[in-house]
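Residue numbering restarts at 1 for every chain, and letters A, B, ... go by the order of the sequence lines.
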Amino acid sequence: MSVRSSEMEAKWQERWYSARINEAERDERPKFMVIFAYPGVTGYLHVGHMRGYTYVDAIARYKRLEGYNVMFPVGTHATGNGAISLAARVSRGDRDTIEYLCGNSCPLDMLERLKDPIKVVEFFNDVYVNQYWKRFGFLSDWRRFTSTVNPDYQMFIRWQFRKLMERGLLIQKPYFAPACVSHGPVAIDASETDIQCGGCAETVEYTMLKFRCEDMYLMAATLRPETVFGQTNFWVNPQADYVKVRIGEEVWVVSDAAYEKLTYQKDGLEKLGSVKGDELIGLRCIAPMVHREILTLPADFCDPKVGTGLVTSVPSDSPDDWISLRALQRDEATLRRYGLDVEEVRAIRPIPIIEMKGWSTLPAVEITERMGIEAPGDPRLEEAKKLVYKEGFHTGRMIESSGEYAGLSVMEAKERMKQVMIEAGEADLMYDLSEEVICRCGEKVVIKKVDDQWFIDYANSDLTKASREQAKGMDIFPNDYLQNIHGVLEWFRERACVRQGNWIGTRFPFDEKWIIEAISDSTLYPLYYVISKYANEGSVRAEQMDERFFDLVVLDRGDYSQVSASTGVPEELLHHIRDDVHYWYPLDLNLGGKEHMTVHFPAFLMNHVAVLPREMLPRGIFVNWYIVGKGGKISKSKGGAQPIPGAAEQFGVDALRLYYAHIASPFADVEWDNEAVESYTARVEKMERTLLDLMALDGPASSVDDWLISRMASRVRRIRELMASYDLRSMANEVYFEAFNDLRWYQRRGGCHAETVTRVMDLLLPLMMPITPHMAEELWEASGRSGMVSITALPQIGEGEIDLTKERAEDYLRALMDDANEILKVTGIRPTRITLFTPAPWKYSVLETAMELAGRGELKVPALTKAVMSREEVRCKGKEASDFARKLAEEMMKRSAEGLGRMGRQFDELEFLRSCTDFLSREYGCTVEVHQAEEPDVNDPHHKSRQASPGRPAILVE
RNA sequence: GCGGGGGUAGCCAAGCUUGGCCAACGGCGCAGGACUUAAGAUUCUGUCCUUAGUGGUUCAAGGGUUCGAAUCCCUUCCCCCGCACCA
């Protein structure tokens with residue numbers, strides 16, 4: 001795209017914004033409030049992100065056309081550690097980060113400032129608003145911009161949490177979270193803001209099985225508590241150091257390392273003394289659940305750093321256990337060294353416990369054989385374990401050996417058996433990280449018990465029920481999600497809503513040591529856009545927005561004079577804000593990417609339901625899918641990774657907007673493809689040129705004028721229907737492709753009437769405004785219209801403008817030409833004369849009779865034949881007549897009611913074709929004659945005229 | 001495993017809810033014609049096979065329902081996404 005285009009875009013944006021048509025103020029009109037789920041401020045966005053945002057602007061613009069007072073606010077979400085992480089990387093001069101910033105044309109002198117997380121947020125807020133959203137010509141009310149770091153926003157969030165507390169939806173219970181042993185809570189994520197290594201670690205829950213052994217318990221940590229029925233022995237690492245620990249009445253034995261971890265998770269641990277691994281070998285202990293006595297045996301694979309450093313042995317399902325057991329059984333020297341009874345150990349056999357499709361009941365034995373694993377310590381054991389575990393977890397089922405659990409799936413059995421053992425005091429839980437994590441300070445990161453973690457109780461059944469009820473009445477797109485969201489709401493459970501540590505966010509109002517986490521502070525926020533304007537313009541300060549303020553303006557609770565006195569906000573302003581809130585809310589549409597389906601949208605809905613009265617609950621959700629790069633993510637090498645301003649420059653904003661709107665259904669991922677985008681650039685240019693050409697026309701009226709007007713008017717009507725479900729793609733198709741083809745056809749048919757063109761522009765330009773607003777304005781102005789198309793109303797269709805018969809006649813002409821082309825193609829004739837025959841009058845009378853019969857539902861071949869053959873003027877045609885009746889009846893019986901309706905829309909074919917002869921002879925470069933079949937003295941050597949039927953003339957080419 | 005989505009002509013992609021002008025919108029690509037000194041742009045025509053406008057075979061595969069199915073039902077094969085504390 002040319003510079004001219006960018007200048008043109010800037011020109012119109014400047015006009016829109018200086019005329020403030022984007023600003024939303026309460027008035028008498030019906031309102032429409034729409035948002036997109038604000039993006040997290042984590043860095044530059046790419047062209048894929050603009051898809052959903054563009055939908056929102058196009059929908060907002062369309063709603064303006066329909067006469068709504070539209071509010072389309074934007075904001076950003078800075079909560080979490082994204083900005084902190086980026087600032088940290090800039091601070092430490094991370095090369096990739098600097099390159100990334102500069103590659104996106106971040107000014108060099110910014111780098112120093114970006115060491116401060118808040119500056120990072122401010123910087124990107126500016127980038128998003130100015131380089132993305134304004135660059136795309138969004139009619140968003142910029143005065144309402146807000147960000148989760150703003151103090152006023154945070155006052156709103158604190159209020160929201162007070163309301164959740166009031167409703168009894170905040171609950172406290174223990175929780176296990178990663179923490180540095182010296183710093184406290186840390187974030188573990190791939191960007192490794194807080195940590196040196198281990199960004200991919202996950203928290204894993206081990207079940208500690210208690211094996212009674214004399215006066216103590218050997219504690220075996222396992223991820224597979226459901227395998228207890230397969231236990232055959234117990235593993236101890238003879239080299240490792242273990243400790244005895246008193247906890248309550250019990251004495252546990254765990255590895256040194258495990259003891260340390262447990263001190264963060266269990267209260268009242270008392271270390272009694274150390275014990276070497278080899279001292280624990282050859283003991284007999286009682287296995288939990290099965291209450292069998294088993295033997296403790298030596299195994300090197302027990303890592304004291306993993307779990308408790310003690311392992312229960314299930315050789316049927318654990319490749320490690322099976323290989324170690326077999327090796328030990330063959331190793332008489334070792335057995336003797338530990339004073340073990342050789343025969344007893346050799347008698348140990350795996351016990352089948354789980355059956356799964358395609359496997360024997362001893363999968364560990366099977367997999368090791370298959371993979372040829374022989375010795376303990378084989379690195380492939382890890383892979384073998386994963387494979388068996390995964391298969392078993394998903395498809396496994398417990399067999400008879402598991403007693404009352406027989407028949408349960410592994411998944412179910414795992415949960416149940418774990419619970420039962422915990423309740424019986426035979427097991428406990430411990431948490432660990434899947435890999436080592438080291439804090440920035442160099443200390444270890446462990447899983448620490450948090451006793452007083454706060455949760456939002458999304459499992460609350462009243463809340464769930466009310467939310468589902470609300471969802472039923474909402475406009476939710478796509479339809480599948482409307483079905484699905486009920487399941488999601490049902491499945492949503494308590495969610496930890498606060499964090500400690502290094503996060504950006506709002507302080508939890510009931511305990512300032514907590515920061516409200518990222519999902520929880522972005523659910524009710526659309527409401528805040530109504531109020532943010534007052535904070536941004538300075539008429540209400542953050543500290544004035546206390547609980548009573550929001551109670552009053554949102555919930556109508558409290559007294560104006562009192563709240564005014566206590567907050568210092570003038571009473572009149574309070575009224576004003578209150579009325580704003582109740583005018584704009586509820587939110588009409590919340591649009592967001594598909595990643596929001598399982599978390600954000602349900603939480604958004606449930607928080608609204610929890611806090612607000614029924615009449616303020618949201619009305620719509622729209623989910624959009626992604627623009628992806630070839631083979632998945634958008635990337636530099638595969639296209640689409642270029643900065644948004646660069647793409648705007650290269651392709652043109654209107655072209656990009658049209659691309660997003662039209663390339664595919666919103667509910668499907670699309671692969672970014674430069675060529676495809678370029679074709680939309682070409683399309684925008686073609687459209688513009690075509691319309692400018694039309695505007696230059698100044699000729700006489702002709703028969704196609706009414707056709708074109710009808711066509712456009714029909715499209716306006718259809719678009720109204722389509723846009724009731726925000727079907728931008730179909731609208732784009734109608735305007736930029738279908739209507740475009742109409743315009744070309746009009747010109748081809750010789751249409752050139754200025755007045756018609758004027759009317760067409762009235763109808764068409766507003767419809768172009770939502771998707772290609774800059775071009776629409778440009779053409780609006782070029783056509784001599786005043787004002788801006790962005791603030792016009794959708795055109796009203798005049799009485800009689802839609803004339804379906806005219807449209808049908810033109811379709812008939814096209815079909816005729818298709819037939820003629822077909823004949824010319826097949827025969828290869830270069831025509832010197834084309835003769836068209838309309839059917840003989842009696843054929844119309846047969847059609848009429850057929851329509852009558854069809855209207856009564858009595859159309860059948862014999863019925864029609866009988867009815868028409870009784871008439872003399874038909875009967876005299878003999879077999880030709882009966883054949884025609886048969887074919888017609890067969891044809892018509894295949895039609896839908898709509899199809900029959902079209903057939904019934906009759907017009908004078910003879911006259912119409914005669915009016916087209918000039919056009920047709922121009923098209924075909926030969927003389928064109930029109931006759932009625934059975935007209936005397938017409939050249940028709942092959943009796944082609946007999947083929948004519950109503951709606952389909954016969955053609956003779958020579 | 002649970003939940004969800006999908007397989008349409010060379011490619012992308014509509015249609016499927018409410019079965020019937022559906023051989024299947026549209027775009028891209030390709031081929032040919034027109035315009036042009038030429039190129040580009042534009043425009044017209046064609047693009048499953050066959051054919052004086054007909055007929056045949058198609059919408060992952062195989063069954064079924066129906067006068068009639070890309071559309072509804074069943075079975076099979078293949079692909080994708082989500083499963084949480086991450087926005």
Side-chain angles (χ1 to χ4, degrees), chain A residues 37-42 77 79-80 82 175 177 187 189-190 203 390-396 409-412 455-456 478-481 483-484 487-488 491-497 499 517-520 522 592-600 602-603 625-626 632 662-665 667-671 673 675-676 678-680 682-683 685-686 689-690 693 729-730 732-734 736-738 740-741 744 747-748 811 815-829 860 890-900 902-903 923 942 944 947 951-957:
Chain A
Y38 54 14
V41 197
T42 48
H77 185 253
T79 308
Y175 184 69
D189 65 2
T203 305
K390 199 177 148 210
E391 283 280 310
F393 182 72
H394 292 318
T395 64
S409 72
V410 166
M411 249 179 296
E412 276 177 285
F455 292 81
I456 297 178
N479 203 303
D480 313 310
Y481 185 51
Q483 313 301 323
N484 192 223
V488 181
W491 157 86
F492 226 61
R493 52 172 211 255
E494 302 93 344
R495 182 184 183 89
C497 61
R499 295 277 192 74
E517 65 83 42
I519 291 292
S520 305
S522 52
K594 64 179 178 182
E595 77 276 22
H596 295 306
M597 287 197 288
T598 49
V599 184
H600 168 67
W625 267 238
Y626 302 147
H662 185 260
I663 185 71
S665 150
F667 317 124
D669 286 337
V670 171
E671 255 182 37
D673 174 0
E675 277 184 34
E678 278 161 13
S679 78
Y680 283 97
R683 172 63 51 173
E685 288 172 352
K686 270 200 262 193
R689 214 174 317 111
T690 302
D693 286 352
R729 185 182 194 273
S730 297
N733 206 52
E734 289 288 318
Y736 301 90
F737 295 88
E738 303 290 349
F740 177 79
N741 286 336
R744 280 208 307 225
Q747 284 177 285
R748 190 170 162 195
D811 290 343
L816 159 68
M817 290 172 72
D818 285 345
D819 278 347
N821 290 336
E822 182 76 12
I823 295 165
L824 293 174
K825 180 186 129 197
V826 170
T827 60
I829 295 173
K860 290 272 158 27
E890 281 170 352
E891 174 76 2
M892 285 177 66
M893 285 190 299
K894 280 199 257 173
R895 299 287 165 92
S896 62
E898 201 191 341
L900 287 174
R902 266 191 295 270
M903 275 184 87
E923 286 286 320
H942 307 291
K944 292 288 174 199
Q947 289 182 18
R952 196 162 193 203
I955 303 166
L956 169 66
V957 294

Give [X] one of three labels, base, sugar-phosphate or nothing, depending on what nucleic acid heavy atoms sit under 4.0 Å from its own.
X	result
A/P953	base
A/V488	nothing
A/S522	nothing
A/T827	base

Pairwise [atom1] distance for [N] and [M], with rounding to whole Å:
N	M	atom1	value
B/A60	B/G7	C1'	6 Å
B/U57	B/U65	C1'	23 Å
B/G15	B/A24	C1'	8 Å
B/A9	B/G26	C1'	14 Å
B/C78	B/U8	C1'	16 Å
B/A31	B/C25	P	22 Å
B/C80	B/G63	C1'	27 Å
B/U18	B/A70	C1'	16 Å

Per [X] side chain, nearest of listed nucleotides [options]:
X	options	value
A/L956	B/G5, B/A52, B/A87	B/A52
A/E595	B/G46, B/A84, B/A87	B/A87
A/V826	B/G26, B/A52, B/G82	B/A52
A/K594	B/A52, B/C81, B/A87	B/C81
A/E738	B/C25, B/C83, B/C86	B/C25
A/R493	B/G27, B/A52, B/A84	B/A84
A/S679	B/A13, B/A87, B/C28	B/C28

key: Step-by-step side-chain contact (heavy atoms from CB on, under 4.5 Å) determination, A/E675 to A/D673   = CA-CA 5 Å; A/E675 277 184 34; A/D673 174 0; 3.6 Å; yes
Starting from [atom2] on [N], measure out to [atom1] on [X] and report it in whole angstrom.
X	N	atom1	atom2	answer
A/D818	B/C22	CG	P	13 Å
A/E890	B/G55	CD	P	11 Å
A/F492	B/C83	CZ	P	12 Å
A/N479	B/G5	CG	C1'	13 Å
A/H942	B/U54	NE2	C1'	17 Å
A/E734	B/G15	CD	C1'	14 Å
A/E494	B/A84	CD	P	15 Å
A/R683	B/A13	CZ	C1'	15 Å

inquiry  = Once rounded to the nearest 0.5 Å, what's the spacing between atom NZ of A/K686 and atom CZ of A/R744?
reply    = 6.5 Å
message = Taking only side-chain N and O atoms of A/K825, does any of them lie within less than 4.0 angstrom of OP1 or OP2 on B/U47?
response = yes
key: A/R499 vs B/C86: side-chain N/O to OP1/OP2 distance below 4.0 Å   = yes
What heavy-atom pair brings [X] and [Y] nearest, and what distance separates the two atoms?
X	Y	result
A/H596	A/Y481	O-OH, 4.4 Å
A/A518	A/T79	CA-CG2, 3.6 Å
A/P602	A/V488	CG-CG1, 3.5 Å
A/F740	A/T690	CE1-OG1, 3.2 Å
A/Y626	A/D669	N-OD1, 2.8 Å
A/K944	A/A954	O-CB, 3.1 Å

message = Can you confirm whether A/E517 sits close enough to A/I519 that some side-chain heavy atom of one is under 4.5 Å from a side-chain heavy atom of the other?
response = yes
task = Please tell me which of A/N484 and A/A820 maps to the more 5' nucleotide of RNA chain B, matching each residue to the nucleotide holding its nearest heavy atom.
result = A/N484
note = Between A/W625 and A/R952, whichever has its closest RNA chain B nucleotide further toward 5' is A/W625
query = For the residue pair A/F455 and A/Y175, is the inter-centroid distance of their aromatic rings smaller than 6.0 Å?
reply = yes
query = Between A/H662 and A/Y736, is any side-chain donor less than 3.5 angstrom from a side-chain acceptor?
reply = no
Using nucleotides 39-44 of chain B, report all nitrogen or oxygen pairs with the protein that are shorter than 3.5 Å.
unit_1	atom_1	unit_2	atom_2	d
B/U43	OP1	A/R744	NH1	2.9
B/C44	OP1	A/R744	NE	3.4
B/C44	O3'	A/R748	NH1	3.3
B/C44	O3'	A/R748	NH2	3.3

message = When you measure only distances, ignoring hydrogens and angles, does the side chain of A/E822 come within 3.5 Å of the base of B/U54 through a donor and an acceptor?
response = no
Chi angles and distances behind the side-chain contact (heavy atoms from CB on, under 4.5 Å) call for A/I456, A/S520 = CA-CA 8 Å; A/I456 297 178; A/S520 305; 3.9 Å; yes
inquiry  = Defining pairs by Watson-Crick or G-U wobble geometry with both distances under 3.5 Å, how would you list the stems of RNA chain B with at least three pairs each?
reply    = B:1-7 with B:77-83, B:10-12 with B:26-28, B:29-34 with B:42-47, B:60-64 with B:72-76
Aromatic stack A/Y481/B/G4: centroid gap under 5.5 Å, interplanar angle under 30° = no
